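Nothing here was measured: the structure is a model prediction, and the numbers come from that model. Numbering of ligands and ligand atoms starts at 1, following listing order.
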Amino acid sequence: MASIRELHHQLVNKERSAVEIAQEALDRIQAVEPKLHSFLCITSERALAQAKQVDDKIAAGEEIGLLAGIPIGIKDNLCTQGIPTTCASKILENFVPPYESTVTQRLNEAGAVMVGKTNLDEFAMGGSTENSAFGLTANPWDLERVPGGSSGGSAAAVAAEECTVALGSDTGGSIRQPAALCGVVGMKPTYGLVSRYGLVAFASSLDQIGPFGRSVEDAAILLEAIAGHDPKDSTSLKVEIPKYTDYLKPIGKGKRKFRIGIIKETFGEGLDPTVEKAVMAAVDQFKDLGAEIQEISCPQFRYGVPTYYIIAPSEASANLARYDGVKYGFRTEKSDNLMAMYTRTRAEGFGPEVKRRIMIGTYALSAGYYDAYYLKAQKVRTLIKQDFEQAFGKVDVLVCPTSPTTAFKAGDKTNDPLSMYLLDLMTIPVNLAGLPGLSLPCGFDEQGLPIGLQIIGNVLREDLVLQAAYSYEQATEWHKQHPKL
Ligand code: GLN
């Protein structure tokens, strides 16, 4: 399948219509969904109607933007008016939002064609999409393996060419880790860059929405369309949004050397040697491209996982208090009084991982434990941030592996939540510090499974992250390989 720019040229040159492009994506979905299950809901009729509008515009001689007529998948924790938004949870199984999220609103206005809502771990809690209440998503590179998570549906859909681009959300790695495991580009922007109005909240001080694409340019185009201030989200930053696509140029061409730091602490115990080899080869590639390489120490990095697993469940326990059978979605039928209705609804509606997090969070926030856990975690969070601040005094971007391993087999880690939590070792600190991070393909292991390289930038330095990613991508061939389904 073509890139956004190629499809755009085909549209404006009238070589193909938007309806034909949408139909091609829908046919592909029909062909591969029985194997993959990337989508929870396919919105064929709406997609064809949206595409028709784009065709009408072109026929009327109106100018269209780059995203007009481009097939896109939307993670099913983003509210879409009139279309079910389930968060892959039984508790929201029948929820049809009465309003549209800001990001999907912006995409609708840009003429993007939504082909469906993608699968995820329930409420975005997980790293394999196995926590979905509605079934697994398979990794397009090996159907027995997981696509990563929580945005596993979006990553698999893009890798399998069911859509050109997709949106995901990233609280501790949920865009970057599935991007790595599915061999696509995924980016978590700076905290506050993209409005979260209409994103079902998981952990509000960490959640960000971001793009998936098969190339850095496609991801940059999508980011440009969704970024920018929104009065409906109080955490949304009031900043000028640069034209990210202007920064897609080689790093070697600047007046001064592009400085790249390798995070020392991400190498060592637990890291798959093939992943290490691929990432070190990427570093050599950057050297060849003219970058100056330094080793950087972020000593607090290793406290990221324990810190996150106090903060994120604490915030989740508060955010998920709203699902009580009264206001939204599911309500138990087996209760004869109000208290029983609340508790039974939650007992029946939430899956095991969500319950585990609510319990951890409620415990960490309770009187007597708040100071020992939650407050302590917040202090460590500040230390992690300081590590990054120091690092960005010395370098333009940091690089490390995205995930310590490639895709694992479905079922391998389901009985050991801790081993699943540890997968986010390298992505979590980036969320705790509110920084932009991107994962892109940097190789394959012996079994032909993709490996991801993470590039991290300082606050609002998406431009540098994208520039580094683009330079690397242009110099390598990894992104040109696609899974044979
Ligand atoms: N895997 C992490 C978790 O389970 C991250 C999830 C996310 O980023 N939404 O919390």
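Within the 4.0 Å heavy-atom criterion, neither part of Glu353 lies near ligand 1.
Annotation: atom 10 (O) of ligand 1 to nearest protein heavy atom, Tyr308 OH, 2.6 Å. The protein atom (non-hydrogen) at minimum distance from atom 1 (N) of ligand 1 is Asp424 OD2, 2.4 Å.
Residue Lys75 has no nitrogen or oxygen atom sitting less than 3.5 Å from a nitrogen or oxygen atom of ligand 1, judged on distance alone. Distances between N or O atoms of Gly149 and those of ligand 1 include no value under 3.5 Å. Considering backbone and side-chain N/O atoms, Met125 never comes within less than 3.5 Å of an N/O atom of ligand 1.
With hydrogens and angles left out, the side-chain atoms of Gln467 and Arg461 include no donor and acceptor closer than 3.5 Å.
By the 4.0 Å heavy-atom criterion, Gln177 is excluded from the residues contacting ligand 1. Heavy-atom distances between Ser150 and ligand 1 reach below 4.0 Å in at least one pair.
Atom numbering of ligand 1 starts at 1 in the shown order; those under 4.0 Å from a heavy atom of Tyr309 are 2 (C), 3 (C), 4 (O), 10 (O). Taking a cut-off of under 4.0 Å to the non-hydrogen atoms of Phe202, the atoms of ligand 1 that pass are 9 (N), 10 (O). Using a 4.0 Å cut-off to heavy atoms of Ala124, the atoms of ligand 1 that qualify are 6 (C), 7 (C), 9 (N).
The side chain to side chain donor-acceptor pair (under 3.5 Å) test applied to Glu109 returns Gln105, not counting sequence neighbours.
Ring planes of Phe350 and Phe123: perpendicular class, angle over 60° (limits at 30 and 60°). Between Tyr370 and Tyr374, the ring planes are tilted. Angles from 30° to 60° get that label. Using bins of under 30°, 30° to 60° and over 60° for the plane-to-plane angle, the ring pair Tyr197/Tyr99 lands in the tilted bin.
Both tests pass for Lys413 against the ring of Phe408: distance under 6.0 Å to the centre and angle within 45° of the axis.
Closest approach of Thr129 to Gly149, counting heavy atoms only: OG1-CA, 3.8 Å.
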